[in-house]
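What follows is a single structure, written as structure tokens, with notes after it.
Chain naming here is simple, since letters A, B, ... match the order of the sequence lines and numbering starts at 1 in each. Quick caveat, the model's predicted, so the values are computed rather than measured.
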Amino acid sequence: MKKVIVIAGATATGKSAFGLRLAHALNTEIISGDSIQVYRDLNIGSAKLSFDEMEGILHHCIDTRDLSERYSVYDFQQEARAAIADIHDQGKIPILVGGTGLYLKAVLFDYDFTEEENEIPSSDESNETLYARLLDLDPESAKSIHPNNRKRVLRALEIAKSGELKSEREAKQLKKPIYDVTMVVLDVPREILDERIQRRVQTMIENGLEEEVRRCFEYPKTREYQSFQGIGYKEWKEYLESKATLSQTIEAIVIHTRQFAKRQITWFKHQCDATWVNALDPIALDQLEKQILAWATQEETQ
RNA sequence: GGUUCUGUAGCUCAGUUGGUAGAGCAAUGGACUGAAAAUCCAUGUGUCGUCGGUUCAAUUCCGACCGGAACCA
């Protein structure tokens, strides 16, 4: 199996910096595992590295979509795997850096998405009615989806329409990585992370986040885009409509970012087999780098 | 100084015609296979401002005091 390095963790834990460090040491390229950084004009609010900050390291899966476009795990799986293959062909070990847990897992594991229309399933039926139908069509999947989780119920019904059930599709998977993966989760104690988030948002404001938002989402129609769902963007809706103050907007961004970080931590804790490292401990990071470099030079396993 | 409001969960506020109280947000934990920075689930004891009075019983009624707001001087 080919090797892949993964640097994961909550927002504001220093993933990008550590990823760059490894990329230099291994003379390789980085693949961003992030659902918002794929959008071309979302720079400040998505905490995207600037061209200079990339320090000459090639970054994949960034700036690949226009604000009006939809994007999904499927797209990411295709494009990230293509980039991985390309880097492997150069005899290098790709580094996947990102905080979108599902995206990382879908690339590394044998998640199976068949080619299909990327449409948002919609319905005006009640949650109860939809769930009842799912119970009938795919009881196995229904068991693991809460009736109120309309999005998931609709998706499972959508899959069932194709003839194959969601539960059947997943049962065929081995649920094992398709690469030889070394995965690291960068960890920062919650209280400190909260402060870092506060500061980071403040910096975004100073760097002109409001201007970026106005430029990208000036027209109300654009605020229906998937890209507008990003934290740091959607919070400006009320502000742009003169229904909220600047400080309320900033506060909302901070709160949403913290809640997001919490969800990310929960995901990585339970969904992934990874080495957790205190990102604030320079000695631990040095050791980690050495370990990864040593692992990188080992023979490929079968 | 006077009048009228007001003080209940971290925040904004309901409520109890007197039997010690509950929403939203926040917070905490969790789920997660095509929107995932999304979506969803679970968790609510707090001297009901302080001190007195009435009462079998006061957060609820009465008084004083201490905060806050508005208006009048």
Which part of the nucleic acid does [X] contact within heavy-atom distance under 4.0 Å: base, sugar-phosphate only, or nothing?
X	value
A:G101	nothing
A:Y71	sugar-phosphate
A:E116	base
A:S35	base
A:R258	nothing
A:Q173	base
A:Q259	sugar-phosphate
A:R150	nothing
A:S46	base
A:F76	nothing
A:E115	base
A:H256	nothing
A:D75	nothing

Map A:Q226 and A:S144 onto RNA chain B by nearest heavy atom, then report which one ends up closer to the 5' terminus.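 By nearest-heavy-atom nucleotide position, the 5'-most residue is A:S144.
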Taking the nucleotide of RNA chain B with the nearest heavy atom to each, does A:G230 or A:K166 sit closer to the 5' end?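 The residue mapped nearer the 5' terminus is A:K166.
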Looking only at atom types and distance, does a side-chain atom of A:S46 sit under 3.5 Å from a main-chain N or O of A:L42, one as donor and one as acceptor?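 The answer is yes, because a donor-acceptor pair under 3.5 Å joins these two groups.
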Is there a side-chain polar atom (N or O) of A:R70 under 4.0 Å from OP1 or OP2 of B:A35?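 For B:A35, OP1/OP2 do have a side-chain N/O of A:R70 under 4.0 Å.
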Taking the six-membered ring for Trp, are A:H88 and A:Y179 parallel (under 30°), tilted (30 to 60°) or perpendicular (over 60°)?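 Aromatic pair A:H88/A:Y179 classed tilted.
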